[in-house]
Amino acid sequence: MTDIRELLDRGREFRAAGDPSSAARFLTEAASHAPGDRTVLTELALAHFQSAALGKAEGVLRELVDLDPSDGYTRLLLGRTLSRQSRHEEALPQLRLAAALTRDPEVGTELARVTRRVTTDRAARPLSP
């Protein structure tokens, strides 16, 4: 099976059915045949995110950011992926950019949540001698 559209559709079907791991297998194959296809890469990143393969999701999302730095949705997904790995300070710049690019109130809510988490984490750190 090398029809990219068919692989993409199968991946979407598996993701919609709640099987992101199987979706990732089809989408990985699609991405190997169309490495710069932003639709395929976005679906692949979502499949990895939903299956908790966060390192893989991060890698694909960084590729997407390189392809289009002004994509607010990709920045949001990257920020959420970093945050889910407890890398909240690294997530903040991505979420700030996503909020500025999308002006979506839900992105602003996510930014506020992670900002509070970073503030709490910093307050909990012991003082250095």
Side-chain angles (χ1 to χ4, degrees):
M1 181 185 308
T2 58
D3 179 15
I4 296 164
R5 181 66 183 183
E6 188 175 333
L7 290 167
L8 177 62
D9 289 344
R10 292 290 308 270
R12 284 177 168 163
E13 288 170 14
F14 276 101
R15 232 174 42 78
D19 187 356
S21 295
S22 294
R25 286 193 293 276
F26 286 99
L27 296 165
T28 297
E29 186 177 343
S32 72
H33 295 291
D37 187 305
R38 291 178 47 219
T39 301
V40 170
L41 292 174
T42 300
E43 289 288 334
L44 178 57
L46 286 167
H48 285 317
F49 181 83
Q50 291 170 340
S51 64
L54 301 175
K56 290 179 180 180
E58 180 184 349
V60 174
L61 290 164
R62 290 196 184 277
E63 279 184 60
L64 282 163
V65 165
D66 288 343
L67 289 171
D68 184 2
S70 67
D71 185 337
Y73 183 66
T74 297
R75 298 280 184 173
L76 170 63
L77 290 175
L78 179 55
R80 290 187 67 211
T81 299
L82 293 168
S83 179
R84 195 165 164 194
Q85 296 176 76
S86 297
R87 294 164 55 194
H88 306 292
E89 291 204 31
E90 291 176 66
L92 274 180
Q94 300 301 327
L95 294 172
R96 285 185 185 121
L97 282 166
L101 290 165
T102 65
R103 301 198 184 279
D104 182 334
E106 290 183 27
V107 177
T109 300
E110 180 72 6
L111 173 60
R113 184 189 69 76
V114 174
T115 300
R116 282 191 304 276
R117 182 61 189 255
V118 167
T119 303
T120 302
D121 290 349
R122 286 179 184 160
R125 287 185 197 145
L127 297 175
S128 300

*Heavy-atom closest pair, residues Leu111 and Ala99*: CD2-CB, 4.1 Å

*How long is the gap from CG on Leu78 to CG on Leu97, to the nearest 0.5 Å?*
10.0 Å

*How close do Gln94 and Leu82 get, heavy atom to heavy atom, and via which atoms?*
CG-CD1, 4.2 Å

*Between Gly72 and Ala98, what is the shortest heavy-atom contact and its length?*
O-CB, 3.5 Å

*asked:* Are Leu7 and Leu27 packed together at the side-chain level, in the sense that at least one heavy-atom pair is separated by less than 4.5 angstrom?
replied: no

*Would one find more than 12 heavy atoms of other residues, nucleotides or ligands at under 6.0 Å from atom CZ of Arg15?*
yes

*asked:* Against Arg122, only a single residue in Thr119, Val118, Thr120 fulfils side chain to side chain contact (heavy atoms under 4.5 Å, CB included); can you say which?
replied: Val118

*Please examine the side chains of Thr39 and Arg12, heavy atoms only from C-beta on, and report whether any two atoms are closer than 4.5 Å.*
yes

*Check whether any side-chain heavy atom of Leu61 lies under 4.5 Å from a side-chain heavy atom of Thr42, and answer yes or no.*
no

*Minimum-distance pair of heavy atoms, taken over all atoms of Ser32 and Pro35*: O-CD, 4.1 Å

*Among the clusters formed by ILVMFWY side chains lying less than 4.5 Å apart, do Leu46 and Val65 turn up in the same one?*
yes

_Nearest-0.5 Å distance, CD of residue Glu89 to OG1 of residue Thr115_ = 10.5 Å

*asked:* If we ignore hydrogens and angles and just use 3.5 Å, is the side chain of Arg75 paired with the main-chain N or O of Pro69 as donor and acceptor?
replied: yes

_Pair Arg113-Ser83, side-chain donor/acceptor within less than 3.5 Å_ = yes

_Quick check: do Ile4 and Val40 have side-chain heavy atoms less than 4.5 Å from each other?_
yes

*Does a side-chain heavy-atom distance below 4.5 Å link Asp37 with Leu8?*
no

*asked:* Closer than 4.0 angstrom, basic N to acidic O: yes or no for Asp121 and Arg117?
replied: yes

*Out of curiosity, His48 NE2 to Leu44 CG, how far, rounded to the nearest 0.5 Å?*
3.5 Å

*asked:* Has Glu110 got a side-chain atom pairing as donor or acceptor with Glu106's backbone, closer than 3.5 angstrom?
replied: no

*What heavy-atom pair brings Ala45 and Ala57 nearest, and what distance separates the two atoms?*
O-CB, 3.8 Å

*Given the rule that I, L, V, M, F, W and Y join up when any side-chain heavy atoms are under 4.5 Å apart, are Leu101 and Leu92 in one cluster?*
no

_Arg5 with Asp9: basic N within carboxylate O range, under 4.0 Å_ = yes

*asked:* I'd like to know if Glu58 and Arg87 make a salt bridge, using a cut-off of under 4.0 Å between side-chain N and carboxylate O.
replied: yes

_Determine whether Asp71 and Leu64 satisfy the following criterion, side-chain contact (heavy atoms from CB on, under 4.5 Å), listing intermediate values before the conclusion._
CA-CA 8 Å; Asp71 185 337; Leu64 282 163; 5.9 Å; no

*Apply side-chain contact (heavy atoms from CB on, under 4.5 Å) to the pair Asp104 and Leu76, showing each step before the final yes or no.*
CA-CA 11 Å; Asp104 182 334; Leu76 170 63; over 6 Å; no

*Quick one: pull up OG1 in Thr81 and NZ in Lys56 and give me the separation to the nearest 0.5 Å.*
14.0 Å

_Nearest non-hydrogen partners of Ala47 and Pro20, listed with the distance_ = O-CB, 3.4 Å

*Within-4.5 Å side-chain heavy-atom neighbours: Arg84 and Phe49*: yes

